[in-house]
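Excluded from the calculations below are hydrogen atoms, water molecules and symmetry mates; all remaining heavy atoms, backbone and side chain alike, are included. The chain is numbered in sequence order, starting from 1.
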Amino acid sequence: MIRVEKISKAYGEGPHATHALHEVDLRITRGEFAALYGASGSGKSTLLNLISGIDRPTAGKIFFEEDEITAMNETRLTLLRREKIGFVFQFFNLLPTLSIIENVLLPAQLRATATNNLHERGVALLERLGIRGRLEAFPDQLSGGQQQRVAIARALINDPQLILADEPTGNLDSENGVNILRLLKQLVAQEGRTVLLATHSLEAARFADRLYQVRDGKITTLSTEAVINSLYSANMASSAASRF
């Protein structure tokens with residue numbers, strides 16, 4: 001579904017340029033739950049922004065199926081994001097002056113093909129996510145976990161093939177974080193959606209089927225459950241040792 005070929009991204013020019021990504025290659029297949037794992041500043045969020053077309057690479061190509069994202073103009077990129085990609089942000093990005101149901105419906109209302117049963121679809125999504133009774137509430141009246149569920153409903157309203165989730169549990173407590181990750185995993189298992197998660201948490205990354213470690217703008221594939229669990233165990237042991 002997603003093919004990234006020799007992607008590089010630099011901010012600025014000359015000797016003072018900051019190189020966020022260095023000739024990165026990546027393949028994400030349809031129906032896969034993949035995770036980009038790395039520390040803050042490693043380049044994982046930059047890669048999500050490039051895949052979505054929010055940002056442009058300095059070099060390289062990105063394909064969504066057979067369409068080259070990096071060759072699209074702004075109009076085509078906007079249509080791609082509206083119709084095929086759902087983005088879930090760490091800070092929710094809900095509009096504070098809109099109700100919950102209005103936030104969810106907004107991306108679909110921007111489409112020329114918005115359907116008559118749009119409101120019913122939004123209500124059904126919110127009901128599935130466990131916040132059916134808060135349709136007319138505003139974002140500041142919800143907990144962090146509830147706001148993230150609204151953000152996921154908004155990402156799903158246009159029935160996207162690909163969901164990009166940038167640190168979606170970063171502002172949640174552990175219980176709500178696990179619930180969000182389970183929900184993303186269900187979307188893959190039950191609906192065949194494709195999810196690419198960016199996270200600094202190995203605990204979150206373990207929910208994915210495939211893990212890509214991002215470090216200093218480069219990617220290493222950790223493709224098996226045994227390798228992921230081994231890395232997680234080593235990380236936990238290191239954390240425990242540091243407390244003594």
Side-chain angles (χ1 to χ4, degrees), residues 1-11 20-21 24 26-32 34 36 43-122 124-126 139 147-168 184 187-188 191-198:
M1 169 176 273
I2 292 294
R3 191 167 80 253
V4 174
E5 298 180 350
K6 302 297 181 184
I7 281 292
S8 295
K9 178 64 181 179
Y11 296 96
L21 294 170
V24 166
L26 180 68
R27 301 288 187 275
I28 305 296
T29 61
R30 182 179 292 276
E32 182 177 28
L36 301 172
K44 57 187 187 300
S45 294
T46 297
L47 185 53
L48 286 193
N49 288 336
L50 295 175
I51 290 172
S52 68
I54 292 174
D55 201 358
R56 299 272 192 174
T58 305
K61 296 180 179 181
I62 302 174
F63 294 86
F64 186 103
E65 296 179 332
E66 298 305 316
D67 296 323
E68 185 184 345
I69 294 174
T70 41
M72 293 180 180
N73 60 28
E74 291 302 319
T75 299
R76 289 192 64 197
L77 286 173
T78 298
L79 292 174
L80 175 72
R81 287 191 292 269
R82 284 183 188 173
E83 297 175 1
K84 296 184 179 181
I85 299 175
F87 211 118
V88 182
F89 300 90
Q90 176 179 354
F91 296 101
F92 319 137
N93 282 8
L94 302 178
L95 297 179
T97 58
L98 297 184
S99 69
I100 297 311
I101 187 64
E102 288 170 338
N103 265 283
V104 170
L105 298 182
L106 183 60
Q109 291 170 337
L110 296 173
R111 294 181 65 178
T113 56
T115 60
N116 293 330
N117 64 345
L118 184 59
H119 187 274
E120 290 78 3
R121 175 170 167 73
L125 278 171
L126 289 170
Q147 289 187 62
Q148 193 59 289
R149 287 173 179 268
V150 174
I152 291 174
R154 180 185 59 191
L156 293 175
I157 191 65
N158 283 337
D159 198 25
Q161 300 171 34
L162 173 66
I163 299 170
L164 302 175
D166 191 6
E167 297 280 9
L184 291 174
L187 292 173
V188 174
E191 299 186 11
R193 299 186 192 272
T194 305
V195 173
L196 180 57
L197 165 75

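- The stretch residues 67-87 participates, sequence neighbours left out, in these ring-ring contact (aromatic ring centres under 6.0 Å, His included) pairs: Phe87-Phe89.
- The minimum heavy-atom distance linking Gly60 with Pro57 is given by the pair O-CG, 4.3 Å.
- To the nearest 0.5 Å, the span separating CZ on Arg154 from CG on Leu126 amounts to 11.5 Å.
- For Ala165 against Leu48, the heavy-atom pair with the smallest separation is O-CD1, 3.8 Å.
- For Arg56, the side chain to side chain contact (heavy atoms under 4.5 Å, CB included) partners two or more places apart in sequence, or in a different chain, are Glu74, Leu77.
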Q: Could you please spell out the steps behind the side chain to side chain contact (heavy atoms under 4.5 Å, CB included) verdict for Arg121 and Ile157?
A: CA-CA 7 Å; Arg121 175 170 167 73; Ile157 191 65; 3.9 Å; yes
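- The structure places CZ of Arg27 at 11.5 Å from OG1 of Thr29, a figure rounded to the nearest 0.5 Å.
- Rounded to the nearest 0.5 angstrom, Asn158 CG and Leu118 CG are separated by 8.0 Å.
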Q: List the steps, then state whether side chain to side chain contact (heavy atoms under 4.5 Å, CB included) holds for Arg82 with Leu110.
A: CA-CA 8 Å; Arg82 284 183 188 173; Leu110 296 173; 4.0 Å; yes
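- Nearest heavy atoms, Thr46 versus Leu21: CG2-CD1, 3.9 Å.
- Using a 4.5 Å heavy-atom cutoff, the side chains of Ile2 and Leu162 are in contact.
- Listed here is the closest heavy atom pair of Val88 and Ala155: CG2-CB, 3.8 Å.
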Q | Working for side chain to side chain contact (heavy atoms under 4.5 Å, CB included), residues Glu32 and Val188 | A | CA-CA 7 Å; Glu32 182 177 28; Val188 174; over 6 Å; no
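- Between Pro139 and Gln147, some side-chain heavy-atom pair lies under the 4.5 Å cut-off.
- Shown here are the ring-ring contact (aromatic ring centres under 6.0 Å, His included) partners of Phe63, two or more places apart in sequence or in another chain: there are none.
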**Q.** Residue pair Leu106, Gln109: steps toward the side chain to side chain contact (heavy atoms under 4.5 Å, CB included) verdict
**A.** CA-CA 5 Å; Leu106 183 60; Gln109 291 170 337; 4.2 Å; yes
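- Going from atom CZ of Phe91 over to atom CD of Gln148 covers 11.0 Å, rounded to the nearest 0.5 Å.
- Closest non-hydrogen pair, Gly122 versus Val104, comes out as CA-CG1, 4.2 Å.
- For the atom pair CZ of Arg3 and CD1 of Ile28, the computed distance is 13.0 Å after rounding to the nearest 0.5 Å.
- Put simply, the side chain of Lys9 reaches to within 4.5 Å of the side chain of Leu50, judged on heavy atoms.
- When the options Ile51, Asp166, Ile85 are evaluated for a side chain to side chain contact (heavy atoms under 4.5 Å, CB included) with Leu196, the one that passes is Ile51.
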Show the atom names and distances, to 0.1 Å, of all donor-acceptor pairs under 3.5 Å that link a side chain in residues 93-100 to residues at least two apart or in another chain.
| residue | atom | partner | partner atom | Å |
| --- | --- | --- | --- | --- |
| Ser99 | OG | Glu102 | N | 3.3 |
| Ser99 | OG | Glu102 | OE1 | 3.3 |

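- Between Gly86 and Pro160, the shortest heavy-atom distance links the atoms N-CB, 3.5 Å.
- Looking only at distances, a side-chain donor or acceptor of Asn73 sits under 3.5 Å from a matching main-chain atom of Arg76.
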Q. Taking it one step at a time, do Gln161 and Arg193 satisfy side-chain hydrogen bond (donor to acceptor under 3.5 Å, both in side chains)?
A. CA-CA 6 Å; Gln161 300 171 34; Arg193 299 186 192 272; over 6 Å; no
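- With rounding to the nearest 0.5 Å, the separation of CG in Asp55 from OH in Tyr11 is 4.5 Å.
- Every side chain to side chain donor-acceptor pair (under 3.5 Å) that Thr70 has, sequence neighbours left out, goes to Glu68.
- Ala59 meets the side chain to side chain contact (heavy atoms under 4.5 Å, CB included) test with Ser8; sequence neighbours excluded.
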